[in-house]
Amino acid sequence: MKKKLNYNLIIGYAMIALVLLMAVVGLFYTPYPVNEMNVLQKNQPPSFAHLFGTDQFGRDIFSRVMEGASTSFFIALCVVLVGAVIGTFTGALTAYFGGWLDAVLMRVNDVLAAFPSVLLAICFVAVIGPGTYNLIVALGIVFIPSFTRVVRSEVLVQKELDYVRNAKLMGAKDMRILVFHILPNIKPVLKTSLLVGFQNAVLSEAGMSYLGLGVTQPDPSLGRMLSEAQGFLWNAPWYALAPGLTILALTLGLGLVTAEKE
Amino acid sequence: MKFILKKIGTLIITLVIISFLSFLAFSLIPGDAAVANLGMDADEAAVEALREELGLNRPVIVQYGDWLFSALQGDFGESTQYHLPVSELVAKRLPATITLAIYSMIIITLVSFPLGMLGTKKPDGAMDTAVTVLSQIGMAVPQFFLGILLTFFFGILLNWFTVGGYVNPQEDLGGFLSFLLLPAVAVAVPKCATMTRYIRNAVVAQKKMDYVRTARGKGNSEKRLLLNHVLINVMMPVVTMLAMMAADVLAGSIVVEQVFNIPGLGRLLITSISNRDYPVVQAIVIYIASTVVIMNTLADIMYQKLDPRVR
């Protein structure tokens with residue numbers, strides 16, 4: 001029997017691949033230098049010379065979207081890594097060993113989770129200041145609790161199962177059991193959380209940069225391009241469309257893939 | 001009763017931790033109120049004297065206790081930018097944000113229930129697929145991009161409202177409410193999508209249960225089955241989820257206020273951050289976080305009261 005084609009998955013992967021391609025190529029080559037201004041070419045509509053048109057300084061929007069996409073990818077990837085690594089670490093340890101450390105860390109986790117994530121990120125940036133690396137730190141911390149919670153509840157279930165007892169009887173050390181026995185068993189759950197986390201990270205990065213609390217000048221960022229483009233909706237609506245649709249393609253692609261994987 | 005008391009106890013502890021952490025975070029920032037008042041190149045001795053006068057040399061925990069004591073009486077200090085009491089500034093910006101949040105909650109409730117049940121008559125049918133695709137797009141779109149699109153279509157192309165023309169509720173309540181409609185839509189859409197999907201999945205799952213088969217066997221119509229039997233069982237978690245969404249709605253309004261130029265708490269927060277007006281930032285952060293924690297506690301208690309099985 002032929003396997004039914006899964007259109008959602010194909011469309012989802014295609015959208016992610018498209019943005020990823022733009023981002024990767026943007027690292028090495030852009031049609032125009034991203035910060036090159038050209039007063040004669042201000043607010044040009046899309047054309048063959050400028051695929052997405054030009055902005056208020058005559059900079060090529062397509063080139064800037066390419067660079068912005070790679071910034072978004074880079075930040076989202078780092079954020080998810082920070083959140084996932086620290087979250088998995090704390091979640092697994094507290095669930096496995098329990099005790100007062102578990103109680104304290106869970107309390108802290110609850111408090112962190114009580115803040116809406118945007119607000120928490122805004123707080124951190126208010127304290128440490130904006131900029132690409134500060135944003136990664138701020139969002140990374142914000143993303144820890146969700147991973148901790150998922151990993152903790154999974155490990156709590158797994159550690160009571162027979163294979164763990166068996167390993168213990170065989171004389172395996174606690175760390176060995178955690179890393180080589182339990183971790184491989186929670187991989188599927190972790191994978192979904194990573195996908196969901198990545199989507200959230202892309203949205204948060206764009207939101208923070210839009211608010212002016214993320215990537216700073218002159219680095220192109222999709223979120224900040226949107227906030228600049230807003231002032232030119234009357235005479236150059238395509239300016240807002242280019243970065244907006246790029247973010248949408250990435251998040252929608254991720255959403256479709258996540259929905260199919262669940 | 002014991003449950004409620006315990007919940008309220010946890011709530012108070014959480015509130016204290018939240019306020020202490022926020023207080024601590026903002027007191028760690030280099031450049032305190034004394035430097036801010038006298039300027040960067042002020043005389044070191046003068047700064048030190050003012051520090052002494054403002055009580056900035058005491059241990060953080062004592063300062064926090066002092067701050068908490070006045071905060072409980074409604075005094076959150078003074079804005080370093082506007083030289084006005086923080087509570088007055090916040091009170092002025094509150095109506096727009098609260099109206100926006102309530103508006104969004106109403107939209108979420110009114111839209112997601114019918115939309116969620118629309119496709120469940122025939123799971124994976126054409127209608128169901130359409131609803132699923134729609135909610136996927138809704139979940140993926142950033143609120144500020146949606147806001148910009150709405151501004152473009154309704155403000156610029158159709159000219160239905162003045163872009164950025166916020167109307168003061170005291171002057172024109174009708175104008176105020178109609179201006180906030182589109183921002184509310186921008187805040188609500190992603191949450192609507194999540195909710196619709198949740199309701200859809202819950203209804204489909206419930207329909208496979210034995211009690212539905214029994215009710216159908218007794219001759220209930222499909223409509224009655226859905227409204228009287230399935231919906232009651234779906235309702236419980238959905239109500240809790242709605243209460244939990246208050247957090248996301250408030251967070252969403254921070255961003256959307258920026259798009260539509262609405263003078264609410266979110267805009268005040270962002271401008272205060274760029275002005276380094278930390279008493280205001282602190283007060284707003286604690287205000288929003290507290291609202292969220294209180295809403296979550298209410299949701300917990302409500303769930304307990306509504307569902308006899310949890311008791």
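Every chain is numbered from 1 and lettered A, B, ... according to where its sequence line falls, protein lines coming before strand lines. Because the structure is predicted, anything quoted here is derived from the model rather than measured.
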Can you tell which part of A/L245 gets under 4.5 Å to a heavy atom of chain B, answering side chain, backbone, both or neither? both
Answer yes or no: is there a side-chain heavy-atom contact under 4.5 Å between A/T251 and B/V141? no
Which region of A/L211, side chain (C-beta onward) or backbone (N, CA, C, O), has a non-hydrogen atom less than 4.5 Å from a non-hydrogen atom of chain B, or is it both or neither? both
Rounded distance [0.5 Å steps], CD in B/Q136 versus OG1 in A/T258: 8.0 Å
With rounding to the nearest 0.5 Å, note down the distance linking CD in A/Q230 to CZ in B/F260. 8.5 Å
Drop me the distance from A/C123's SG to B/L269's CG, to the nearest 0.5 angstrom. 7.5 Å
Between B/I284, B/V285, B/L149, B/T14, which residue shows the highest count of heavy-atom pairs closer than 4.5 Å to chain A? B/V285
Side chains of B/F144 and A/L226, heavy atoms from C-beta outward: is any pair under 4.5 Å? yes
Checking heavy atoms, do the side chain of B/V259, its backbone, both or neither come under 4.5 Å from chain A? both
Answer yes or no: are there more than 12 heavy-atom neighbours, outside B/F153 itself, under 6.0 Å from its atom CZ? no
Looking only at heavy atoms, which two atoms of A/L203 and B/A140 are closest? And how far apart? CD2-O, 3.7 Å
Considering only heavy atoms, which portion of B/S22 lies under 4.5 Å from any heavy atom of chain A: side chain, backbone, both, or neither? side chain
A/Q199 versus B/M139, closest heavy-atom pair with distance: NE2-O, 4.3 Å
Distance-minimising heavy-atom pair for A/A240 and B/F145: O-CE1, 3.7 Å
Look at A/L252, A/V202, A/L256 and state which one has the largest set of heavy-atom pairs under 4.5 Å with chain B. A/L252
Who wins among B/V293, B/I137, B/T151, B/N296 for the most heavy-atom pairs under 4.5 Å with chain A? B/I137
Can A/W234 and B/I156 be said to form a side chain to side chain contact (heavy atoms under 4.5 Å, CB included), step by step? CA-CA 7 Å; A/W234 275 272; B/I156 293 173; 3.9 Å; yes
What part of B/I148 lies closer than 4.5 angstrom to a heavy atom of chain A: side chain, backbone, both or neither? both
Nearest-0.5 Å distance, CG of residue A/L119 to CD1 of residue B/I254: 5.0 Å
Looking only at A/I247, A/I122, A/L254, most heavy-atom pairs under 4.5 Å shared with chain B are made by A/I122
Honestly, the part of B/I270 sitting under 4.5 Å from a heavy atom of chain A is side chain
